[in-house]
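Here the structure is laid out as structure tokens; the discussion comes afterwards.
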Amino acid sequence: MAVAFHIAQFLEDHFQKVASSLEGFGDGFTADVRPTEPRFGVFQANGVLPYAKKTKQNPRALAQTLLDALQLPTDHFTAEIAGPGFININLTPAFYADWLKTFKDEAALQQGASHIDEGLNVVVDYSSPNTAKQMHVGHLRSMVIGEAIQRLLRFCGANVTRDNHIGDWGTQFGILIMAIKDAGYNLDEEHPNLLEELEALYKAGTQKTKDDPAALEQARNELVKLQQGDAENMQLWEKINSLSYEAFESIYKLFNVAFDCVLGESFYRDKVDRIYKELEETKLSEESQGALVVFHPEHPRFAKQPFIIRKSDGATNYATTDLATALHRLEAFEANEMINVTDGRQQDHFEQLRLTVEKWFAAKGYKPCKLRHVWFGTILGEDGKAIKTRSGEPIKLKELVSEAVERAYKVVAEKSPELTEDEKREIAEKVGIGAVRYADLSQNRTSDYTFSWEKMLSFDGNTAPYLLYATARLHAIFRKAGLKPGEGEDAATSFETETELALARKLVLFPSVLELTLEDLRPHFLCTYLFELSGIFSSFYNADKVVTEDPGTQARRLMLCARTLNTLETGLKLLGIETLERM
RNA sequence: GGGGGUGUAGCUUAGUGGAUAGAGCAGCGGUUUUCUAAACCGAAGGUCGUGGGUUCGACUCCCACCUCCCCCA
């Protein structure tokens, strides 16, 4: 019999199948198999309890009936009834060995996971900065969480389009173009700090429009000219955008992020007429106080609170562009799912968008598409308020990264002075950026979290350095043994010690964690798992010597090390974190 | 005013209706002639914001209230 990748799923299916032909069980029964605490076993089926209650049967007797009928292969599973009617399932050392031999490397894990989201065409919209501005700490979470999510989906078999929806068509361009012209600023010259300078110009321009009504008028004129396609303003706008894109790329390179599709809001500006036409003809939109809006009568709030798709002055807005974007994604990518990764303040907007798109697509007979808003909380400073620099500006990502790398470098230089300068630099970069990234991903995305250099760069606790250290130690074992991971396992004897079994147990739970992480697109579940795995490995490492006299013992421990390393590296890769062989 | 989020140990936090609420930091006590001690082991620390309710079982679901954050007018 082939070894199941997702053991909990396999057991669930098996329980269900057996129960369906069993007296005492009927339609409402679900076995509810899930990982449990080590002291109870590997998995626990809780479903008998509520079912017995519902059908007025004795839960323990019912559990016994089910257990008798299961006929699980005893060399692989042991099961027993506990407490009021839980069924605890344990795995045998032989099963662990079989599973670990089957799912031996990243390709095998991916193969196992690939059916989870097979056939799903999903567009993930993340990062999405505005041009003419530098990326700052407010852009961190969307980029980091979005990247992790798209990697997870891809790993699990989805056909993913990574879409960076750039804010390149805002009203800020009126002021900016005015300021550029006033200052005689030449975009064709070399500007090492271009975006900083544009930001300064924009700031000065904004102030000017506040002080001087003539300037405000001028800014409006520049915007109108741009929107009408004035050659000079278009050229300025294009230049600003292309230079902004270059700056974004340098950040993406640091964070190892790339996109399949990079389109600005401007791309959709000739596509909004169709939106108006279709929403009007399907009677989803209506005029309200001069604006074109969509109400959702079935919704407690959006029955009254309008989704404004054309303002009373005729201007389009985010809603219009987002609707056009949804249509484009449906038609260009045949998307069945669209994911937007933004902060939680936009929940209303995306809920209205979702409702509108669902009704609109249905009315037009388009293929239905699931819109998901993956939102996240705020990054707080140590004072408990949204993080800022001392002067009150958001922290630039560029500066955040240099500080992270610099801080990591200091630690590396102190802890591992024997490494070459190049090695220290490389380690500092991976540890620094990995730390920032992991700090963000390891917490529930819907919570706000407190940013702390000390905590994220600490080598204790649920941090990137701790996980990276575990991978470095694993590499060291193989280096010392003169083997590659995966080699030297043939003579493996049966897992024996408590720490070996604990490690094996954790390793086979990887698929359950993938499933959990994917369900709500919450990467912190994967982080918690990797942290726990590292902890169990560290205990094992401390208790059980790998390179040892007995060939059978050494072989089986090498196998555990190779799988732990593979799981850690695969998991970290899914989070977008680069791993190390030494640190 | 309406809505959303949040509240768990001194601090930062995890927790899928399931058994005795888990971690990490800080503080306390141990472990190294042994594959990286950036580690490991142990003890201590909790009326899970408050009050009700549903349930065999509630940090988890429902209702009310309170705190802080945010969104919409």
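Letters A, B, ... mirror the listed sequences (proteins, then strands); counts begin at 1.
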Could you tell me the separation between the [atom1] atom of [X] and the [atom2] atom of [N], rounded to a whole number of Å?
X        : N     : atom1 : atom2 : answer
A/Tyr469 : B/U36 : OH    : P     : 8 Å
A/Glu351 : B/C70 : CD    : P     : 22 Å
A/Leu565 : B/U36 : CG    : C1'   : 14 Å
A/Phe350 : B/G5  : CZ    : C1'   : 17 Å

Nearest-Å distance once atom [atom1] is located in both [N] and [M]:
N     : M     : atom1 : result
B/G27 : B/U32 : P     : 22 Å
B/C48 : B/G17 : C1'   : 16 Å
B/G22 : B/A44 : P     : 13 Å
B/U13 : B/C28 : P     : 24 Å
B/U8  : B/A64 : P     : 22 Å
B/U50 : B/C41 : C1'   : 40 Å
B/C61 : B/G4  : P     : 14 Å
B/G29 : B/G45 : C1'   : 15 Å

[N] phosphate, OP1 or OP2: any side-chain N/O from [X] under 4.0 angstrom?
X        : N     : answer
A/Arg34  : B/G18 : yes
A/Tyr466 : B/C40 : yes
A/Thr463 : B/G24 : no
A/Lys545 : B/C35 : no
A/Asn444 : B/G15 : yes
A/Lys480 : B/U36 : yes
A/His299 : B/G3  : no
A/Arg301 : B/G4  : no

Report which part of the nucleic acid [X] touches: base, sugar-phosphate, or nothing (heavy-atom distance under 4.0 Å, all strands).
X        : result
A/Ala82  : base
A/Leu49  : base
A/Pro59  : nothing
A/Tyr449 : sugar-phosphate
A/His349 : nothing
A/Glu581 : base
A/Asp544 : base
A/Glu37  : sugar-phosphate

Let's go through A/His14 and A/Leu72 carefully: what are the C-alpha distance in whole Å and the side-chain angles of both, what is the deciding distance for side-chain contact (heavy atoms from CB on, under 4.5 Å) to 0.1 Å, and is it a yes or a no? CA-CA 9 Å; A/His14 183 65; A/Leu72 289 167; 3.7 Å; yes
Identify which one of A/Glu569, A/Arg582, A/Lys480 satisfies the side chain to side chain donor-acceptor pair (under 3.5 Å) criterion when paired with A/His475.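 That would be A/Glu569.
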Is the shortest side-chain N to carboxylate O distance from A/Lys410 to A/Glu414 below 4.0 Å?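 Looking at A/Lys410 and A/Glu414, the cut-off is not met.
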I'd like to know if A/Arg425 and A/Glu421 make a salt bridge, using a cut-off of under 4.0 Å between side-chain N and carboxylate O.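 Looking at A/Arg425 and A/Glu421, the cut-off is met.
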Under a 3.5 Å cutoff, is there a donor and acceptor pairing between the side chains of A/Thr446 and A/Asn444?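 Side-chain D/A pair, A/Thr446 to A/Asn444: present.
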For a quick check under 3.5 Å, do A/Asp544 and A/Thr499 share a side-chain donor-acceptor pair by atom type?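 Note: A/Asp544 and A/Thr499 side chains meet the donor-acceptor criterion.
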Among the nucleotides [options], which one has an atom lying closest to any side-chain atom of [X]?
X        : options             : value
A/Gln44  : B/U34, B/A19, B/U36 : B/A19
A/Asn88  : B/A14, B/A19, B/C35 : B/A19
A/Trp375 : B/A39, B/G3, B/G5   : B/G5
A/Arg473 : B/A37, B/G18, B/A14 : B/A37
A/Asp460 : B/U12, B/A39, B/A19 : B/A39
A/Ser539 : B/C70, B/A19, B/C41 : B/C41
A/Val412 : B/C56, B/A38, B/U34 : B/A38
A/Phe531 : B/C40, B/G18, B/A23 : B/A23
A/Gln305 : B/A19, B/C72, B/G18 : B/C72
A/Phe525 : B/U16, B/U36, B/C72 : B/U16

Between B/A19 and A/Phe40, is there a base-stacking contact, meaning the centre of the base's six-membered ring lies under 5.5 Å from the residue's ring centre while the planes stay under 30° apart?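 A/Phe40 ring centre within cut-off of B/A19 base, planes near parallel; stacks.
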Member of A/Phe459, A/Phe531, A/Phe537 meeting the ring pair (Phe, Tyr, Trp, His ring centres under 6.0 Å) criterion with A/Tyr466: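 Option passing the ring pair (Phe, Tyr, Trp, His ring centres under 6.0 Å) with A/Tyr466: A/Phe531.
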Would you mind telling me which residue lines up with the more 5' stretch of RNA chain B, A/Ala543 or A/Pro465, judged by nearest nucleotide?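 Closest to the 5' end, via its nearest nucleotide, is A/Ala543.
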Between A/Thr446 and A/Phe540, who's closer to the 5' end of RNA chain B by nearest nucleotide?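 First, find each residue's nearest nucleotide; the 5'-ward one identifies A/Thr446.
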Who pairs with B/C40 - Watson-Crick or G-U, where each distance is under 3.5 Å: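 Partner of B/C40: B/G30.
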Paired nucleotide for B/A14 [Watson-Crick or G-U wobble; both distances under 3.5 Å]: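 Matched B/A14 with nothing under the 3.5 Å cut-off.
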Hey, which of A/Asp448, A/Asp440, A/Asp343 is the one that makes salt bridge (charged side-chain N to carboxylate O under 4.0 Å, His left out) with A/Arg141?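 Exactly one candidate clears the test, A/Asp440.
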Derivation and outcome, side-chain contact (heavy atoms from CB on, under 4.5 Å), residues A/Thr579 and A/Leu565: CA-CA 10 Å; A/Thr579 53; A/Leu565 180 57; over 6 Å; no
